[in-house]
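Report on the structure given below.
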Amino acid sequence: MFGVVPKVLWERRATADERNRITLALRCLLVEHDDGLVLIDTGLGNKENEKFRDIYGVDNAGQGGRTKLEDALREVGYTPDEVKWVINTHLHFDHAGGDTYTDAGGKISLAFPKARYVVQKGELDFARNTNERTAGSYLPHNVQGIPFQLIDGETEILPGIRGIPTPGHVPYHQSVLVTSGGEQACFVADLVPTSAHLPLPWIMGYDVQPLVTLETRRRLYQRAAAEDWLLVFEHDPTVVSGRLGKDGKGVGLVDAVALH
Ligand SMILES: [Zn+2]
């Protein structure tokens, strides 16, 4: 998760278990929009097998629903049928795996049957044409059978909800900027997966274009600081969100909202 950053440095920010794994969240963002519910990313879903769940230490089974995401929707009073839009930042298994689900018989169906699914056009092409380096993250059952609505570049998907290209992790990765009541929140997804990844060169080994990630971050940070955006972190196990601040000479976080 920390690429070329030495473990002696990153383990001050994230504790590894005996198999060298760190705890990560699969935090999706639900927006209560005038047009209906908008769900940004869908987590891992329930389609992966026992071996996969063991490798990644997946803890995503629902109590009442199929996944923890469906449980969380129910907790705030909604059902999957009420989600009108699903926006995927990209199609890696930990972001789009929950677009669909499998039943006990192995049949795969849309997890949000009444929703329109939105993704960048370039991302769908990239996900469907894998190579040896990218195939491990783009699983065929996450890129087939979903009636995606494609957008191309920066797009206002709905009033106040913009897809913003933030390439680097993958070439057509997008972040989602939500504007409401004069404030802006940006769901940065894998551009900055956790608050520990805020320093410009703390880039994941998973990123296929690490130097592009660096420049995308530099640009996004300038805009985020100038417009006082709230940044929302998809994979941070404790820090949900915060605003950019200074940490010595580097980038830090202020107004952090953390779970206990
Ligand atoms: Zn991810």
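Heavy atoms only: backbone and side chains are in, while hydrogens, waters and symmetry mates are out. All values derive from a computational prediction rather than experimental measurement. Read the numbers this way: they start at 1 and go in the same order the structure lists the ligands and their atoms.
Nearest N, O or S atom of D190 to the Zn ion (ligand 1): atom OD2. For D94, the N, O or S atom closest to the Zn ion (ligand 1) goes by the atom name OD2. Distances from the Zn ion (ligand 1) to the N/O/S atoms of H235 are shortest for NE2.
Classified by interplanar angle (parallel below 30°, tilted 30° to 60°, perpendicular above 60°), the ring pair H95/H90 is tilted.
H92 lies apart from the Zn ion (ligand 1) in this respect, since none of its N, O or S atoms is found at a distance under 2.8 Å. At least one N, O or S atom of H95, from either the backbone or the side chain, sits less than 2.8 Å from the Zn ion (ligand 1).
Proximity of D41 to F187: side-chain heavy atoms (C-beta onward) are separated by under 4.5 Å at one or more points.
For the residue pair T67 / N46, no side-chain donor-acceptor distance below 3.5 Å is found, with atom types taken as modelled.
With respect to the salt-bridge test (charged N to carboxylate O, under 4.0 angstrom), the residues D255 and R243 qualify.
Without hydrogens or angle criteria, D17 side chain to N20 main chain gives a donor-acceptor distance under 3.5 Å.
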